[in-house]
Amino acid sequence: MRAGCATGIGCGRGAAYAVSRRGPLAHLFLLLLLLLPTGCASGPSLENQDQVTAPPGDSKSLIIGSAGFTESDLLATLYGLLLEQAGYKTSTITVANRELYEPALESGQIDVVAEYAATFADWLNAKTNGADAPAVGSPDLAATMAALRKLATPRGLTVLDPGEAVDQNAFAVTRDFAREHDLKTLSDLGASGVRVRLAAGDECVQRPYCEPGLKKTYGIDITGVDPKGVGTTQAKRAVQNGQDQMVLTTTTDATLDDFGLVLLTDDRHLQNADYIVPVVNRSRAGGKGVATALGKLNGVLTTRDLASMNQQVDSWRRLPEDVARTYLRENGLLP
């Protein structure tokens, strides 16, 4: 989540890119384009921020960005299929970190990316106002979206409406543990007085959404943090075998059932509003056509749906395009 080189994607070194759904010559062209310095960017310069006056564009050939992990690949594929259904030609390019793909989105080398509202708001805030700037992402979706759009607009980006799907931090325990202590929510765990060792990333001891927040917001008795990472197999196994009692994961974790784990509801809204939102380059994809096409997903895609699709790719080894196409057909969005 570090603020990266703002001059364009070409300033990165050693990054790997992958493009799909076009022929080899088009792939080569896109790769060379992304590796070139961006001397003539489509987004506004920093000196001209807050002066975005050009009408939103509606290019019929769009490049969709993916961050290279399962969920991002699925969302990029869903976006591509919906846009193609609406008459656009699309290609997908994988750029594995935000430090590279966000400047490419500003410059128009990438046209559409699926983002996470609170995380992206805080990332743009740090890029704009410095790493020590107070966070603008919060559990309040409306406030988070307002802050995100205020930061995105001067950079030539348009943030479309979020749907129901949210991928935020979450905490899981074993089914047996939940049953034994009658737990459904994090408030239940705090009220139970049960002592908990938490499997999480080592940063958990300092992050307000993790150990400090669990203690302050829910009164949970955290005895220690076992630094096994966020939602890793090692962390989940530690909870499964009783070494730890709770694991930090995400709301769209596709493998909880494999470990006999269940999520405890964040009933006091400790976690930020990381709802999934499409972010587009305004000068190329800011028109009504793209917004209408992608907005169709908002009426159907839920957090549970996204977790299910993640599971089909990660556990069942299905291809993201097959999973995405089947999902859209089952929900009446593709013939």
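Below, each value reflects all heavy atoms present in this structure, side chains not excepted, and no hydrogens, waters or symmetry copies. Note that the numbering runs from 1 along the sequence shown for the chain.
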Shared hydrophobic cluster for L319 and L74 (ILVMFWY, side-chain gaps under 4.5 Å): no
Determine all donor-acceptor pairs shorter than 3.5 Å in which one atom belongs to a side chain in residues 194-203; sequence neighbours excluded.
unit_1	atom_1	unit_2	atom_2	d
R197	NE	D244	OD1	2.7

Where at least one partner belongs to residues 229-275, residue pairs that pass disulfide (SG to SG under 2.5 Å), sequence neighbours excluded: none
Lys/Arg-Asp/Glu bridge criterion (N-O < 4.0 Å) met for R318, D73: no
Salt bridge present between D253 and K236 (N-O < 4.0 angstrom): yes
Solution key, residues 327-335 side-chain donor-acceptor pairs under 3.5 Å, sequence neighbours excluded:
unit_1	atom_1	unit_2	atom_2	d
Y327	OH	V300	O	3.2
Y327	OH	D305	OD2	2.7
R329	NE	P335	O	3.1
N331	ND2	Y327	O	2.9

Atom CZ of R175 with >12 non-hydrogen neighbours under 6.0 angstrom: yes
Flag if over 12 foreign heavy atoms under 6.0 Å of NZ, K216: no
Pair D322 + R325: basic N to acidic O under 4.0 Å: no
Disulfide (SG to SG under 2.5 Å) contacts in which one or both residues fall within residues 108-219, not counting sequence neighbours: C204-C210
Whichever hydrophobic residues join W316 through chains of side-chain contacts under 4.5 Å: none
Under-4.0 Å salt bridge between R268 and D266: no
Partner residues of K215 under the side chain to side chain donor-acceptor pair (under 3.5 Å) criterion, sequence neighbours left out: E211
E321-T77 side chain donor-acceptor pair, cut-off 3.5 Å: no
Ion pair check, R155 and E102, cut-off under 4.0 Å: no
